[in-house]
Structure formats: structure tokens, C-alpha cells
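In what follows, a structure is listed as C-alpha cells, so that the remarks can point back to it.
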Amino acid sequence: MKDDLIIAMADLDEERALALVKEKLKAGETAFEIVEQCRKGVEIVGQRYSEGIYYLSDLIMSEEIFRGVMEIVEPHFPQEITEHGTKIIMGTIEGDIHDLGKNIVTYLLRSVGFNVIDLGVDVPPERFIKAIKETGASILGICVLLTFCIGSIKKVVDLLKETGLRDDVVVVLGGYPVNQLIKEYTGADYYANDAARGLEIFKQISLEKDKRR
Ligand code: B12
């Protein structure tokens with residue numbers, strides 16, 4: 001059944017989830033498809049948490065299971081180097097410590113040859129600007145999962161404008177809540193809610209930058 005892994009993740013059934021991941025890989029499902037099913041599963045974990053059915057300990061458990069999944073899945077992502085060291089600054093915005101998704105995207109970007117400078121979690125807007133100045137990176141990836149942290153992303157974009165860097169830096173948002181409205185509100189350039197789309201966007205940006213060189 002297509003939803004079996006989603007259900008196992010949502011039910012925090014670690015043993016079944018990991019077994020299903022192995023089965024699906026053997027059956028030819030791609031690493032991207034599997035991660036997406038797991039992401040949908042933990043989305044249900046999140047819903048159950050907001051409904052009071054699950055507790056914080058369950059959110060932590062879902063993270064642990066997801067890490068186990070990634071250990072199995074990572075070697076199955078395409079490893080073909082197509083990029084040659086384009087620098088990307090990456091981080092989870094101030095106030096937010098969610099990093100599972102960011103780490104997946106960072107892993108994927110590195111595996112195709114991007115030079116990702118990962119600032120970690122809870123990154124203040126000023127720190128992003130400092131890193132851009134220090135490294136000369138022209139692509140910025142910002143992860144956000146907590147909606148009350150979205151204002152800080154707008155601050156990053158405002159600071160880019162104030163420091164005269166806005167035209168040189170492409171801002172890409174990622175994370176479960178981001179959408180067109182948030183992109184427009186923050187002034188970012190792109191957004192992605194899944195790893196495959198995220199990777200596609202970064203490749204497209206890099207290609208366009210190459211053309212302009
Ligand atoms: C696991 C989890 C946790 C773990 C995080 C562990 C970790 N190291 O990341 C822990 C237990 C620590 C946690 C804590 C909290 N959490 Co939490 N958490 C989740 C949960 C269940 C899953 C998140 C996750 O890892 N998903 C899996 C990954 C793979 O998906 P993803 O992040 O979306 O990433 C994908 C894409 O978005 C994209 N992507 C991600 N980043 C980037 C970046 C770029 C640049 C690009 C292009 C793409 C991209 O690619 C990824 C792969 O496909 C979500 C539920 C949900 N719906 O997301 C709640 C959720 C995000 N948490 C929530 C809350 C409330 C909290 C707490 C406040 C709870 C508390 N009372 O303490 C704290 C906040 C701590 C803090 N200051 O940040 C709420 C947020 C609600 C809101 N509207 O803001 C959610 C939505 C649950 C809910 N429905 O209530 N949480």
C-alpha cells in the first residue's frame with residue numbers, strides 16, 4: 001500500500017517504518033519518494049501534537065525515527081557531481097531549532113557539488129549577513145518551521161537591502177509552512193516545501209548565474 005510508510009511514521013512505529021524503507025528501496029522507489037512519504041508521516045505527528053493526542057516526547061521520537069530513515073536512505077540519493085563549488089549559506093532562522101529538513105537539503109546540495117556553509121539553527125538575521133559578506137556567497141537558503149519566526153526572515157531580506165547586497169543574493173526559503181504568501185511577505189525569491197523541489201531551485205539559480213558570468 002502506498003500510504004503504509006506514512007502511517008508507520010505517523011504512528012511512531014519505528015520498527016515497521018525502517019523495515020518499510022528497506023523494502024521500498026529494494027522495490028525501486030527513489031530516496032526522494034521515501035523521504036517525502038516520511039515527511040508526510042511526521043506532518044501527521046505534528047497535527048496530532050496540536051490536537052493534544054501526542055506530546056513533545058512524541059515529536060522527539062518522530063525526529064529519532066526520521067534520523068534512522070535518513071541513515072538508510074542517504075546512500076541512495078543520486079551522487080552525480082553537476083555543480084562546481086557554488087557557495088550557499090544555509091541556516092534555520094532565529095528562534096527555530098528545527099533542522100531535519102535543512103540537513104537533508106544541505107546533504108543533497110553537497111552531494112551534487114555545491115559548497116554549503118551551514119550556520120546551524122537559531123541563526124540571527126545579522127549572522128546571515130555577516131556570513132554573506134565573509135564568504136561572498138550569492139545564494140542564501142533559510143529554513144523555517146515555526147510560523148512566529150517568519151518575521152525574522154523578513155528582517156534578513158530588509159538587512160540585505162540596507163547593506164546594498166539584495167541584488168547580489170538570491171534568497172530561497174524552505175520548510176513545512178512556507179508558501180507564495182510568505183515568499184511575498186518576506187521578500188524572498190523562491191520557496192520549496194520538499195527536498196526535490198529545493199534541489200531543483202538551487203540548480204536553476206546556479207545555472208542562471210553561470211549564464212550571466
Ligand atoms: C520533529 C519536530 C520537532 C523536533 C525537531 C527536531 C529537529 N532537530 O529538527 C523537536 C521535538 C525538537 C520540535 C520542537 C518544537 N516544535 Co516541532 N515539529 C516537528 C515535526 C513533527 C516534524 C518536523 C520535521 O522534521 N519534518 C520532516 C522534515 C524532513 O520536513 P521539513 O522540515 O518540512 O523539510 C523538508 C522541506 O520543507 C524542505 N526544506 C526544509 N528546509 C529547507 C530549507 C531550504 C532552503 C529549502 C529550499 C528546502 C527546505 O526539504 C525538506 C525535505 O523534504 C513538525 C510537524 C510538521 N508539520 O512539520 C513539528 C512542528 C514544526 N513543531 C511545532 C512546535 C510548536 C514545536 C515546539 C514549539 C514545541 C514545544 N512546545 O516546545 C518546539 C519548538 C522548538 C524551537 N524553538 O524550534 C509546530 C509548529 C507550529 C507553528 N505553526 O509554528 C509543528 C508544525 C507541529 C504542530 N503541528 O504543532 N519539533
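All ligand and atom numbering here is 1-based and tracks the order in the structure.
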[atom] [closest protein heavy-atom partner, distance rounded to 0.1 Å]:
atom	answer
atom 35 (C) of ligand 1	Arg39 CD, 3.7 Å
atom 34 (O) of ligand 1	Gly101 CA, 3.2 Å
atom 70 (C) of ligand 1	Tyr49 OH, 3.5 Å
atom 23 (C) of ligand 1	Leu145 CD2, 3.6 Å
atom 17 (Co) of ligand 1	His98 NE2, 2.3 Å
atom 68 (C) of ligand 1	Leu146 CD2, 4.2 Å
atom 76 (C) of ligand 1	Ile97 CG1, 3.3 Å
atom 83 (N) of ligand 1	Thr147 OG1, 3.0 Å

Out of [options], indicate the one that has the non-hydrogen atom closest to [atom].
atom	options	value
atom 44 (C) of ligand 1	Ser62, Gly174, Cys143	Gly174
atom 6 (C) of ligand 1	Gln47, Glu51, Glu63	Glu63
atom 45 (C) of ligand 1	Ala195, Gly141, Gly46, Cys149	Gly141

Proximal atoms of ligand 1 relative to [X] (non-hydrogen, under 4.0 Å):
X	answer
Val172	45 (C), 47 (C)
Val42	21 (C), 22 (C), 26 (N), 27 (C), 55 (C)
Glu43	57 (N)
Lys102	40 (C), 41 (N)
Asp96	78 (O)
Ser50	88 (C), 89 (N), 90 (O)
Leu100	9 (O), 25 (O)
Phe66	27 (C), 29 (C)

Check: With under 30° as parallel and over 60° as perpendicular, where do the rings of Phe32 and Phe77 fit, or are they tilted in between?
Finding: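 Phe32 and Phe77: perpendicular rings.
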
Please indicate whether [X] has more than 12 foreign heavy atoms, meaning atoms of other residues, nucleotides or ligands, lying under 6.0 Å from its [atom1].
X	atom1	result
Glu134	CD	yes
Glu184	CD	yes
Gln180	CD	yes

For ligand 1, note which part of [X] has a heavy atom under 4.0 Å away: side chain, backbone, both or neither.
X	result
Asp99	both
Tyr176	both
Phe202	side chain
Arg67	side chain
Ile142	backbone

Please indicate, with yes or no, if any protein heavy atom is found under 4.0 Å from [atom]?
atom	result
atom 54 (C) of ligand 1	no
atom 10 (C) of ligand 1	no
atom 85 (C) of ligand 1	no
atom 81 (C) of ligand 1	no

Could you tell me whether Asp4 and Lys24 have a side-chain N and a carboxylate O separated by less than 4.0 Å?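 The answer is yes: the pair qualifies as a salt bridge.
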
Q.
Taking Asp122 first and then Arg127, would you say they form a salt bridge - that is, a charged N and a carboxylate O separated by under 4.0 Å?
A.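 Salt bridge: no.
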
| field | Distance-minimising heavy-atom pair for Pro124 and Glu94 | value |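 Looks like CB-OE2, 3.7 Å.
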
- Might you point out which heavy atoms bring Glu126 and Leu159 nearest each other, and give the distance in Å?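 Distance-wise, the nearest heavy atoms are N-CD1, 4.0 Å.
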
message: When you measure from the heavy atoms of Phe148 to every atom of ligand 1, does any distance fall below 4.0 Å?
response: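 Flag not set, Phe148 not near ligand 1.
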
Determine whether any heavy atom of Met90 lies closer than 4.0 Å to an atom of ligand 1.
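In this structure, Met90 qualifies as a contact of ligand 1 - some heavy atom is under 4.0 Å.
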
Evaluate the side-chain proximity of [Y] to [X]: yes if any heavy-atom separation is below 4.5 Å, no if none is.
X	Y	answer
Phe202	Val112	no
Glu208	Val170	no
Asp189	Arg166	yes

Is the closest side-chain donor-acceptor distance between Glu200 and Gln204 under 3.5 Å?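 No.
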
Please identify each residue that fulfils salt bridge (charged side-chain N to carboxylate O under 4.0 Å, His left out) with Lys183, with sequence neighbours left out.
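Testing Lys183 for salt bridge (charged side-chain N to carboxylate O under 4.0 Å, His left out), a comparison that skips the adjacent residues, returns none.
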
Open item on the list: Measuring from atom CD of Glu64 to atom OG of Ser57, what distance do you get when rounded to the nearest 0.5 angstrom?
Closed with: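 Spacing of CD (Glu64) from OG (Ser57) equals 10.5 Å.
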
Nitrogen or oxygen atoms of Gly175 and ligand 1 under 3.5 Å apart:
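N/O-N/O distance below 3.5 Å exists for this pair.
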
